[in-house]
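Step one of this worksheet: look at the structure below.
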Amino acid sequence: MEDDDPYEGAVSLSQRAMAGAAQARAAAYLDKLNAEQRQAVETLDGPVLMLAGAGTGKTSALTARIAHLIHTGRAQPNEILAVTFTNKAAREMKERVGRHLGGAIEGMPWLGTFHSVCVKLLRRHAELVGLKSNFTILDTDDQIRLLKQLISAANIDEKRWPARQLAGLIDGWKNRALTPEKVSGRETAAFNNRGSELYAAYQDRLKTLNAVDFGDLLLHMVTIFQTHADVLAQYQRWFRYILVDEYQDTNVAQYMWLRLLAQGHKNICCVGDDDQSIYGWRGAEVGNILKFEKDFPGAAVIRLEQNYRSTEHILAAASGLITANEGRLGKELWTEARGGEKVRLIGHWDGEEEARWIGEELEALQRGTRGNPPVSLNDQAILVRASHQMRAFEDRFLTIGLPYRVIGGPRFYERLEIRDAMAYFRLVVSPDDDLAFERVINTPKRGLGDKAQQRIQVAARENGLSLLDGARMLIAEGTLSGKAAGQLRLFVENIGRWHEEIVQASPATATTRAEDDDLLIEPAEDGVAPANDQSHVRLAERILEESGYVEMWQNDKTPEAPGRLENLKELVKALEQFDNLQGFLEHVALIMDNDKSETEDKVSIMTLHAAKGLEFPVVFLPGWEDGLFPSQRSMDESGLKGLEEERRLAYVGITRAEELCTISFAGNRRVYGQWQSQMPSRFIDELPVRHVDVLTPPGLYGGGMNGGGFSAGGFGGSTAMDDRVARADVYNSPGWKRLQSAQSRPVSQPREVRRMAVDAQGESDYEIGDRVFHKKFGYGEVMGTEGDKLIVEFDKAGEKRLLAGFVVPAAEADDVPF
DNA sequence: GAGTGACCTGACTTT
DNA sequence: CAGGTCACTC
């Protein structure tokens, strides 16, 4: 590497001038902070652990700290390494630091996600791990395809040993910074005893392809730091201050990376909240935050505990829930806010009913007919555990015409047509991108099926060529049959021609960026720049046109086709923001989020994971049912640890709400296209009852249209002894029983409903041997009880555990219309 | 080589 | 319920 520091003099004059201007501003960013936040900002030297609970002004403190570092002259903007997990967080931080310092701080080149920072570093030092600096970053799709090839090459039955699983294993290893040779012990036995072997083969293949996957970005940098002391020392010197956001989400590789970099000066400030660690499944180690003080002796630990976001009931409900977790660092969140509505809890007959009710609530809140000031849809959100739960809401909202937006749903760049188009671009930019070649060689159909492709593969492998060159060779030999040969020739020539155009347009960027020493000046921040030359946009259009790709969709008669064409247009449009195709590809590889700045008033639907870091005045948390939330899979795979993570997820969900939080569950839900009766979530038991309102079922009992009945509930509170909402309270409540028995009947029979409600209450105690009837499972016999559930052996459906409310005595089965 | 239908399997969270 | 794979046919 270079002897002298390559970053010398990278600070521009304008930045110095800017610092001067900020000086005059007399550090206004400190004014709004409370004592703890201020301490976190002003404790600049040495290790600092900031334990910041939900809504305690963590980002304010973090950005103020950066501003303070710059303001006091401790560090230039480009000497600060600040890492986040999401692009959104990075963007927000950049913007807020800029605001603190009076606007246009241009150079925070090292503020970004772990991955984006690592890409920059790895491009500089790629050769140390056998890569070229213009390596491609594979998406999961490519990764899977690659693994499939390796698995079948290793003569392993792809059915029994799916590539997805191997991808998961490899990902896990990389998260723990394990290179193939470091995978040890029984883990070598993973994947039919071939796990580590395939992992090694995969890494080899990646190197040959000059490609990396997401995990490699971190792993390669850790390897480089560990094996090249000079490189490490250089960055240790350069990054004088290190800040880490969401520290509880760091995995082992990220942890090692940080520790290596911080080892010299130990000026590292980590911000996190152990109660919000929700990425264990992705390799995050809560342990990292728990052992910070051991890793950095003498660390200042600062707790931010004053919550500025939620009402006292919401905060208390969340706090009460999370105390069920063990091994917490422990924080006492408090707020000055008083009053507000309790957290609302309501059960529904099934998922559709739940969606219907929430839809009505959203509209009522929007109109202000609940006796509340109107709440815009933008201020309301529905947070679900798993993305497939969104569908019920989308269906319902489409029906009633309620505008919504799905955040983090099927993402733009993951769509078929976008990936295809991107593969074309990739191939044109880097003709030896074999994975891209495979993807588009026969899309649209060019009569080049498996056989032809195999011949290309063989030709390429035997001659050590890329697939594109292998194809060229075959054409030159003239061994392919007429039609296929002509099509292939056209394809190859097109790619070659387009590639030439790029090379001529910008010879420097088309080859390699290894020589760039301007990473700190960032001519194109994240590849974005005011584009002056739009030739790449026209080129992209022509690629899609002339390749026949657009035509393929134009001829497609399926209903999705027009949408796909729209998406392609949008893709081309997005290119305008970049100054070349390469920059765009880089951007897309790392930034898989599509935050179109929408201005319309819409309710947001997203997963709980996607909601972290966000807040809304009104939040709905549907689907609180055992198996769904907490998710069965988490519990099966990770036991108590999994359950605790689910609980933290619940905590994150509740703490997103500022004013009104509504938890709901359904008694029946379609799972795998099959109806299943659901148990309410055990987390419901853990809510402190004083802060929860159990709502009576809506609509059925004369509550009327104005939603007036909703807040009249609260019968759950009076019966609980131990300060918890017992699930049993919900079932034993008159409202729930009526709901259970009544809702299996048409709603338009109020008299019948009431009669049945009374009946159901009277009959809720079954004895062993009683014959019962269930709406879905049919007839069965009561075998016993388990807690508040009945064990029923159904004639057809077998043994089930369910609540008494779901069955009726067999004698009354005739009354049940279905 | 491409198109079609039967079958199977798997289903959560993501930089 | 959905997407993917396989076998079969044209």
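Residue numbering restarts at 1 for every chain, and letters A, B, ... go by the order of the sequence lines.
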So that I can tick it off, tell me whether A:E352 and A:R396 are bridged by a salt bridge, with the cut-off set at under 4.0 angstrom between side-chain N and carboxylate O. no
Less than 4.0 angstrom from a charged side-chain N to a carboxylate O is my criterion; do A:R356 and A:E353 meet it? yes
Determine the contact category for [X]: base if any of its heavy atoms lies under 4.0 Å from a base atom, sugar-phosphate if only primed atoms, P, OP1 or OP2 are that close, otherwise nothing.
X      : value
A:H388 : sugar-phosphate
A:S631 : base
A:A452 : sugar-phosphate
A:T140 : nothing

So, using side-chain contact (heavy atoms from CB on, under 4.5 Å) as the criterion, who are the partners of A:E477 when residues are at least two apart? A:M473, A:L474, A:T479
Sort out the partner of B:dA6 for me: Watson-Crick or G-U wobble, both distances under 3.5 Å, none otherwise. C:dT5
In Watson-Crick or G-U wobble terms, both distances under 3.5 Å, what is the partner of B:dA11? none
Ring center gap for A:W257 and A:H220 short of 6.0 angstrom: no
Verify the ring-centre separation between A:Y235 and A:H125: is it less than 6.0 angstrom? yes
Length of the line joining A:D141:CG and B:dT14:C1', which is rounded to integer Å: 15 Å
d(CD1, A:I278; P, B:dT13) in whole Å: 13 Å
Do A:F214 and the base of B:dT15 stack face to face, with centres under 5.5 Å apart and an angle between planes under 30°? yes
Output the single nucleotide from [options] whose closest atom is nearest the side chain of [X].
X      : options               : value
A:W281 : B:dT14, B:dC12, B:dA2 : B:dT14
A:R164 : B:dA11, B:dA2, B:dC12 : B:dA11
A:S387 : B:dA2, B:dT13, B:dC12 : B:dT13

Per nearest nucleotide of DNA chain B, the residue lying toward the 5' end, A:R385 or A:T86, is A:R385
Using the closest heavy atom to pick a nucleotide of DNA chain B for each, name whichever of A:E637 or A:F85 lands nearer the 5' end. A:E637
What integer number of Å spans the P atoms of C:dG4 and B:dT13? 16 Å
A:D249 side chain to A:A284 backbone, donor-acceptor under 3.5 Å: no
Just by protein heavy atoms under 4.0 Å, how would nucleotides 1-10 of chain C read 5' to 3' in B, S and -? SS--S-----
